[in-house]
Amino acid sequence: MAKKITERTKDYSQWYLDIVREAQLASHSPVRGCMVIKPNGFALWENMQRQLDDMFKETGHQNAYFPLFIPKSFLSKEAQHVEGFAKECAVVTHSRLINSEDGVIVDPESKLEEELIVRPTSETIIWDTYRDWVQSYRDLPILLNQWANVVRWEMRTRLFLRTMEFLWQEGHTAHATEQEARDETVRMLEVYRSFAEDYMAMPVHTGLKSESERFAGAVETYCIEAMMQDGKALQAGTSHFLGQNFAKAFDVRFQDKDGKEKYVWATSWGVSTRLIGGLIMTHSDDNGLVLPPRLAPTQVVIVPIWRNDEEQSRVLEYGNAIYNELKDAGIRVKFDDRDQYKPGWKFSQHEVEGTPLRIAVGPRDVTNNKVELARRDTLSKEIVDREGLDRYIPELLETVQSDLYRAAQKRTANQTRSADTYEEFKNLLDREGGFIYAHWDGTVETEEKIKNETRATIRTLPLKPEKNPGKCMVTGKESPYPVLFARSY
RNA sequence: CGGGAUGUAGCGCAGUCCGGUAGCGCGCCUCGUUCGGGACGAGGAGGUCGCAGGUUCAAAUCCUGUCAUCCCGACCA
């Protein structure tokens, strides 16, 4: 077989790379750490974008666009923020190339007066702009989102999960009151949770980040964390309450109803193409990609089967009628009537690309007025009546969607455990990985010690902590409630 | 950025130790037969062996450098 996917149990990383390659999602680019997103991968991203964008609009946001380049000086305005991003910035220093005997070189004459940073995130340039937009409480809130690419100079990259350039959306909002900004942060976290669970069929834990995992410049970072099949957690989205940090750094003030001048309150929130990595590692199997119907670029593929010209015309006519019927029913359906590939080849191809449902139609089906219907998630097949497909298929797609979610939820639940002692914690990590609830004394030192010794980090602190006191598994000090640990991507 | 591994045709690999002018499978092109789970036969195209130097009569093979990818660490969405 030319298309070989490494088994998950044998080498999970290689399996992941095989899926990305065989499902034609992306490939490496000539530039280190960057990727070419291929049509299959981009179609998936477009579906995610479309859905998220609708959800952002429904919650009152508008899209805008801010520049790729940020003056270097902007980055130094918020102390924590600089510290967080300084180590991973691409810097533009010159504006011109010239020919020399060594080929094309940078023209030393073209050195920029002020060097430009390629945005690693846009808080600085946006808050510099918001200063001009805000004078009065009447100018608030500002509820904007932008779809953009950003660059972070990473040491170690993996397709979709961590690339130097990635696509994302970043929401940036400005509010008159702290409460309003806090509400916004939680509202967007909820949008992410619902997108992950209802569309990606990827169950997530929501929670707060500990101080050391917090976004540089944020007062609080909220996140959604998903558990992958190999027992490692993936931070899939973040929503930050920025307090007045950026307003103070960029001097964004407004005159309130009471006549007093105040600093604006801020949030920012984002998800990226990393979600595609999460999607792959949540549902796919050793046969290839498995996609949830709500996001699959093609939800149903129809594969015709024939032996001769006479059969071909009958089968094509039959298949085409089904195609039109499903299309009219609003289903993303593809009629794979290419003559140059055999049915068996098409079956395998659509399987590896993760198309949720496959309909095979041959002469026998035309005669019996049936079709063969196969599910990608369960690999099961059934013969069903041709009549009523336009009603049955949408139902089945929803069944597949919820079955995928349920299976992932069950897996995640099995991968979520608690540990009372540090020994037990380490054993669980090494044996199974997964999420582990454990008591922690709340100090950065202990968190750091656990990270150094086990490579596990605190993924979330509970949003609404319930009283469940215990002793820190490392220091034995008092802990008000357990927190969620895991090794992560 | 440190430790390990690997770069040979679109993809997967052999050949490298022991230097002699490049091969296999899949894919691709043409024709015919095929078509209900990756068809078969016949013919054919395709490679400055990652790149740059060096040693040599001769380098995929030896030496130096460099770039990229993968795995493991440190950093991060």
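Computed from a predicted structure; not experimentally measured. First the proteins, then the strands, lettered A, B, ... as listed; each starts at 1.
- Closest to the side chain of A:Arg152, out of B:C71, B:C76, B:C11, is B:C76.
- Among the atoms of the strands shown, none is found under 4.0 Å from any heavy atom of A:Lys370.
- Only one option out of A:Thr238, A:Leu242, A:Leu189 pairs with A:Thr221 in a side-chain contact (heavy atoms from CB on, under 4.5 Å); it is A:Thr238.
- If you check every strand for non-hydrogen atoms under 4.0 Å, A:Arg338 touches nothing.
- For A:His28, counting side-chain heavy atoms from C-beta on, the closest listed nucleotide (B:C70, B:C75, B:C35) is B:C70.
- The ring pair (Phe, Tyr, Trp, His ring centres under 6.0 Å) test with A:Phe215 singles out one residue from A:Phe85, A:Tyr222, A:Phe246, and that residue is A:Phe85.
- Nucleic acid contact class of A:Arg156 (heavy atoms, under 4.0 Å, all strands): base.
- Rounded to an integer number of Å, the gap from CD of A:Glu22 to P of B:C26 is 16 Å.
- As judged by a 4.0 angstrom heavy-atom cut-off over every strand, A:Thr163 is placed among the base-contacting residues.
- One cannot find a donor-acceptor pair under 3.5 Å joining the base of B:G36 and the side-chain atoms of A:Lys346.
- Looking at heavy-atom distances under 4.0 Å, A:Gly277 makes no contact with the nucleic acid at all.
- Going from atom OH of A:Tyr489 over to atom C1' of B:G73 covers 16 Å, rounded to whole Å.
- Taking the ring centre of A:Phe74 as origin, the terminal cationic atom of A:Lys77 falls inside the region bounded by 6.0 Å and 45° from the ring axis.
- If you check every strand for non-hydrogen atoms under 4.0 Å, A:Leu17 touches sugar and phosphate atoms only.
- Not one side-chain nitrogen or oxygen of A:Arg455 sits closer than 4.0 Å to the OP1 or OP2 atom of B:A74.
- A ring-centre distance under 6.0 Å is not found for A:Trp345 and A:Phe347.
- With hydrogens and angles ignored, a donor-acceptor pair closer than 3.5 Å exists between the side chain of A:Arg162 and the base of B:C76.
- Between A:Asp11 atom CG and B:C70 atom C1' there is a gap of 9 Å when expressed in whole angstrom units.
- Using a 4.0 Å heavy-atom distance criterion, A:Gln235 is classed as a sugar-phosphate-only contact.
- The base of B:G38 is not paired with the side chain of A:Glu351 by any donor and acceptor separated by under 3.5 Å.
- If A:Thr273 and A:Trp306 are placed on RNA chain B by their nearest nucleotide, the residue sitting closer to the 5' end is A:Trp306.
- Because its NZ or CZ atom is both nearer than 6.0 Å to the ring centre of A:Tyr422 and within 45° of the ring axis, A:Lys426 counts as a cation-pi partner of that residue.
- Using a distance-only test at 3.5 Å, with no hydrogens or angles considered, a donor-acceptor pair links the side chain of A:Arg411 to the main chain of A:Thr282.
- Geometric assessment of A:Lys346 against the ring of A:Tyr341 yields a negative cation-pi assignment under the 6.0 Å and 45° thresholds.
- Note on A:Ser272: a base of the nucleic acid sits closer than 4.0 angstrom, heavy atoms only.
- The side chain of A:Trp345 has B:G38 as its nearest neighbour among B:C76, B:G37, B:G38.
- Out of B:A74, B:G37, B:G36, the shortest distance to the side chain of A:Arg358 is found at B:G37.
- Among the heavy atoms of the strands lying under 4.0 Å from A:Asp365 is at least one base atom, whether or not backbone atoms are also near.
- When the side-chain nitrogen and oxygen atoms of A:Lys342 are compared with OP1 and OP2 of B:U33, none of them lie within a distance under 4.0 Å.
- A:Glu311 comes within 4.0 angstrom of no nucleic acid atom, judged by non-hydrogen atoms across all strands.
- The listed nucleotides are B:G38, B:C1, B:C76; the one nearest the side chain of A:Met155 is B:C1.
- Per the geometry, CD belonging to A:Gln14 stands 13 Å off C1' belonging to B:C11, to the nearest Å.
- The side chain of A:Glu88 sits closest to B:C76 out of B:G36, B:C76, B:G73.
- OP1 or OP2 of B:C71 sits under 4.0 Å from a side-chain N or O of A:Ser13.
- Across B:U21 and B:U61, the matching C1' atoms stand 12 Å from one another, rounded to whole Å.
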